[in-house]
Amino acid sequence: MDASVLQEGVLIEAIIDTRTQIDFIWQVFITVHIALFALLFIYSEAVDRWNAAARLIALFGVAAFEYINGTALVKAYLLLDAMHDQYRTLYGQVERFQPKFYEQFVLSQYADRPDMVMITHGSAFAVVFIVLIARQLIHRAAR
């Protein structure tokens, strides 16, 4: 084999490292949102006392987090998909693997994950937006 070709063990290690990075980024997303939702729902009376400027600053902060975290996840998933594609090209001969491993590892594809990231991050932002902005408008209309 050509010395310039990426070695199989190195590629597998890079795939595992990228999957670990994805898990960490998701853990950050979940941890931040548990704390954020606790603030917004458990301590809703305190949030109700925030003025418009405080709500907008909080909303911009959440939007920035969603963008940064979502972008990191999308890029990591696209990299992971590219690495799996490289693995299939160089080492993906079906006769080398047990059928279940071939199906679950070699044939893994992640190109659809950016859509999932956009849905989860967009939904989380929508909830925060409703709680911070729309709830204030609803309370005003009810008065």
Side-chain angles (χ1 to χ4, degrees), residues 1-140:
M1 185 175 284
D2 184 3
S4 65
V5 173
L6 192 58
Q7 294 179 350
E8 185 174 13
V10 172
L11 186 54
I12 289 173
E13 188 174 325
I15 288 170
I16 292 168
D17 289 346
T18 303
R19 291 177 71 137
T20 301
Q21 179 184 19
I22 289 169
D23 290 343
F24 175 75
I25 297 168
W26 273 116
Q27 288 173 1
V28 169
F29 174 81
I30 290 168
T31 302
V32 165
H33 284 82
I34 287 171
L36 186 58
F37 292 158
L39 170 71
L40 296 174
F41 294 109
I42 295 173
Y43 300 106
S44 62
E45 289 179 16
V47 174
D48 284 340
R49 288 184 235 133
W50 290 359
N51 63 23
R55 290 170 189 269
L56 282 175
I57 290 169
L59 197 60
F60 283 124
V62 172
F65 172 80
E66 300 294 352
Y67 176 78
I68 292 166
N69 185 270
T71 301
L73 272 170
V74 165
K75 287 182 179 187
Y77 275 125
L78 293 175
L79 175 61
L80 183 60
D81 191 58
M83 286 191 287
H84 270 275
D85 190 46
Q86 182 72 19
Y87 187 82
R88 282 188 293 279
T89 300
L90 295 175
Y91 306 108
Q93 301 80 15
V94 69
E95 64 275 359
R96 294 184 64 219
F97 303 99
Q98 293 293 322
K100 287 182 183 178
F101 184 81
Y102 185 78
E103 178 184 331
Q104 295 299 318
F105 180 79
V106 178
L107 295 181
S108 293
Q109 294 188 0
Y110 299 91
D112 63 338
R113 300 298 170 91
D115 294 337
M116 177 191 61
V117 169
M118 299 315 289
I119 290 169
T120 57
H121 285 59
S123 297
F125 182 74
V127 168
V128 172
F129 177 83
I130 289 168
V131 171
L132 286 177
I133 305 299
R135 184 167 76 177
Q136 177 94 9
L137 299 174
I138 292 167
H139 286 317
R140 282 188 195 153

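We number each residue from 1, following the sequence as shown.
- Between P114 and L78 the shortest heavy-atom distance is CG-CD2, 3.9 Å.
- Here CD1 of I119 is found 12.5 Å from CZ of R113. Values are rounded to the nearest 0.5 Å.
- Side-chain contact between D85 and D81 is absent, with no heavy atoms from C-beta onward closer than 4.5 Å.
- Q109 and D112 make their closest contact through O-OD1, 4.2 Å (heavy atoms, listed as atom of the first residue, atom of the second, distance).
- Looking at R88, its side chain does come within 3.5 Å of a backbone N or O of S108 through a donor-acceptor pair.
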Given T18 and Y77, is the side chain to side chain contact (heavy atoms under 4.5 Å, CB included) satisfied, shown in steps? CA-CA 8 Å; T18 303; Y77 275 125; over 6 Å; no
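- The CZ atom of F97 sits 10.5 Å away from the OH atom of Y91 when rounded to the nearest 0.5 Å.
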Let's go through E8 and Y87 carefully: what are the C-alpha distance in whole Å and the side-chain angles of both, what is the deciding distance for side-chain hydrogen bond (donor to acceptor under 3.5 Å, both in side chains) to 0.1 Å, and is it a yes or a no? CA-CA 8 Å; E8 185 174 13; Y87 187 82; 2.5 Å; yes
Can you check side chain to side chain contact (heavy atoms under 4.5 Å, CB included) on Y110 and I22, steps first, answer last? CA-CA 12 Å; Y110 299 91; I22 289 169; over 6 Å; no
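- The CZ atom of F125 sits 10.5 Å away from atom CD1 of I130, with the distance rounded to the nearest 0.5 Å.
- No side-chain donor-acceptor contact under 3.5 Å links H84 to the backbone of L107.
- Pairing each heavy atom of A76 with each of Q21, the nearest pair is CB-OE1, 4.5 Å.
- The NE2 atom of H33 sits 12.0 Å away from the CG atom of L39 when rounded to the nearest 0.5 Å.
- Residues W50 and L56 have side chains not in contact (no heavy-atom distance under 4.5 Å, counting atoms from C-beta outward).
- Across all their heavy atoms, L40 and S44 have their closest contact at O-CB, 3.3 Å.
- Atom CD of E45 is surrounded by 12 or fewer heavy atoms from other residues, nucleotides or ligands within 6.0 Å.
- A 6.0 Å sphere centred on CZ of F37 holds more than 12 heavy atoms belonging to other residues, nucleotides or ligands.
- At least one donor-acceptor pair closer than 3.5 Å links the side chain of R55 to the backbone N or O of L132.
- Within 6.0 Å of the CE atom in M118, the count of heavy atoms belonging to other residues, nucleotides or ligands does not exceed 12.
- Distance CG/D17 to CG/L80: 11.0 Å, rounded to 0.5 Å.
- When side chains are defined from C-beta on, F41 counts as touching V127, because their heavy atoms get closer than 4.5 Å.
- Taking every heavy atom of both residues into account, F29 and A124 meet most closely at CZ-CB, 4.0 Å.
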Derivation and outcome, side chain to side chain contact (heavy atoms under 4.5 Å, CB included), residues F65 and V28: CA-CA 10 Å; F65 172 80; V28 169; 4.0 Å; yes
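- W26 has its side chain out of reach of N69: every pair of non-hydrogen atoms, C-beta onward, lies at least 4.5 Å apart.
- With rounding to the nearest 0.5 Å, the separation of CD in Q7 from CD1 in I12 is 11.5 Å.
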